[in-house]
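Notes follow the structure.
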Number of protein chains: 2
Amino acid sequence: MKLTHQRLEIYKALAASLDHPSAEDLHRRIRGRLPTVSLDTVYRTLDTFEQHTLVNKVPVVKGPARYDAGMHPHHHCVCARCRKIEDLDWQAVDAVELPSGSQEWGHVTNRFVQLYGLCSSCSKAEQPATV
Amino acid sequence: MKLTHQRLEIYKALAASLDHPSAEDLHRRIRGRLPTVSLDTVYRTLDTFEQHTLVNKVPVVKGPARYDAGMHPHHHCVCARCRKIEDLDWQAVDAVELPSGSQEWGHVTNRFVQLYGLCSSCSKAEQPATV
DNA sequence: GTAATTGCAAATCCTTTGCAACCAC
DNA sequence: GTGGTTGCAAAGGATTTGCAATTAC
């Protein structure tokens, strides 16, 4: 894998983020340093990183895919209203043995949990958006 | 919520499915009975069902959203290669208390786990697709 | 009768792809 | 030098929206 300016900036921007940015978020964030970088390069680069297990794509029900450079095992809190995604460590779950059914299903490479609900700021707001 | 033919067929088709179909899958499945139903009605109807907590949208990293009419708490096994999604009961995880961090985050309404990997048929195939 | 729902078409959002120029190795 | 990578533009897939006609209540 070649080291290009674009890849370096994209990786640095993602690693510095705590908010699980989308490809477009990252594109915006690196434009100051690399004004000519294109959005499709960001997409391609994130794909490449994912294949090399440098980043993770976070599954979402709505809107653009979100990315995460923290590769230690962890989970997510997802807000149904503002779509904020926050990391969560939950060792009690990590420690639970895989259920017997999973062997029959196939070969599990990783598990992750999403806690779904309303973040504290959205809890205060009156009209929760739908999932 | 009005009961229309379209809604009834969509709900029946989803409830009869074990494979977590996409909107387009469902559209195809009900066309035999309702030849004029449109895909956008399927989307709108699934949205409506979701707001009434009759169905769940399953978060995916790639491809169209998938739906699930089983509303009892359960989890999913997701194949990285063929994108098959299978239900999984895992009471050991359901029993784990929410971590202390989650209270600070906000109000958690539900939790779900994805076991990610290769299903048994894809495990036998040689070249796993990327996430 | 009335407001919600539908089908159609078009628009929008997000992501991917073909291709020629470019750059890291 | 060469093959992988980029930027551009255009295409593609998934989903949403405006609107007039229709339907459940």
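Values below: every heavy atom of this structure, side chains too, minus hydrogens, waters and symmetry copies. Chain A is the first sequence line, chain B the second, and so forth, proteins listed ahead of strands; every chain is numbered from 1. Model, not experiment: these values are computed from the prediction.
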### Query
Taking the nucleotide of DNA chain D with the closest heavy atom to each, which residue, B/D40 or B/M1, is nearer the 5' end?
B/D40
### Query
Would you say a side-chain N or O of B/T36 is under 4.0 Å from OP1 or OP2 of C/dT6?
no
### Query
Of the candidate nucleotides C/dT15, C/dC25, C/dT5, which contains the atom at the shortest distance from the side chain of A/P64?
C/dT15
## Note on the structure
Rounded to whole Å, CD of A/E24 lies from P of C/dC13 at a distance of 10 Å
### Query
Would you say a side-chain N or O of A/Y43 is under 4.0 Å from OP1 or OP2 of C/dT15?
yes
### Query
Which nucleotide sits closest to the side chain of B/T41: C/dT17, C/dT6, C/dA9?
C/dT6
### Task
May I ask you to say what B/A65 touches in the nucleic acid, namely base, sugar-phosphate or nothing, with a heavy-atom cut-off under 4.0 Å?
sugar-phosphate
### Query
With sugar-phosphate meaning primed atoms plus P, OP1 and OP2, does A/S22 contact a base, only sugar-phosphate, or nothing at under 4.0 Å between heavy atoms?
nothing
### Task
Assess whether one donor atom and one acceptor atom, taken from the side chain of B/R44 and the base of C/dG7, lie less than 3.5 Å apart.
yes
### Query
Could you give the CG-to-P distance, from B/L34 to C/dC8, as a whole number of Å?
12 Å
### Query
Tell me: CG of B/L46 to P of D/dA14, nearest whole Å?
15 Å
### Message
Under a 3.5 Å cutoff, is there a donor and acceptor pairing between the side chains of B/H76 and B/D87?
### Response
yes
### Query
Are B/H20 and B/D25 linked by a side-chain donor-acceptor pair shorter than 3.5 Å?
no
### Query
Within less than 4.0 Å of OP1 or OP2 of C/dT16, is there a side-chain N or O belonging to B/K62?
yes
### Query
Which comes earlier along DNA chain D counting from the 5' end, the contact point of A/T45 or that of B/Y67, where each point is its nearest nucleotide?
A/T45
### Query
Touch check for B/S38, heavy atoms < 4.0 angstrom, all strands: base, sugar-phosphate only, or nothing?
base
### Task
May I ask you to decide if A/V113's main-chain N or O and B/R111's side chain share a donor-acceptor pair within less than 3.5 Å?
no
### Separation of atom CG in A/L39 from atom P in C/dC13, rounded to whole Å
14 Å
## Note on the structure
In whole angstroms, the gap separating P of D/dG13 from CG of B/D25 amounts to 15 Å
### Query
Taking CD1 from A/I10 and C1' from D/dT6, how many angstroms apart are they, rounded to a whole number?
11 Å
### Message
Is there a side-chain contact between B/I85 and B/D68 in this structure, where contact means two heavy atoms from C-beta onward sitting under 4.5 Å apart?
### Response
no
### Task
Let me know the distance between NZ of B/K57 and C1' of D/dT15, rounded to the nearest Å.
8 Å
## Note on the structure
Of A/L8, A/L14, A/I10, the one forming a side-chain contact (heavy atoms from CB on, under 4.5 Å) with A/K12 is A/L8
#### Entry: Atom pair distance, as rounded to whole Å: NZ in B/K2 and P in D/dA24
9 Å
### Note, B/W90 side chain near B/D94 side chain (heavy atom, < 4.5 Å)
no
### Query
Does B/H5 make a side-chain N or O approach to OP1 or OP2 of C/dT5 shorter than 4.0 Å?
no
### Query
Under 4.0 Å between a side-chain N/O of A/Q6 and OP1 or OP2 of D/dG7, yes or no?
yes
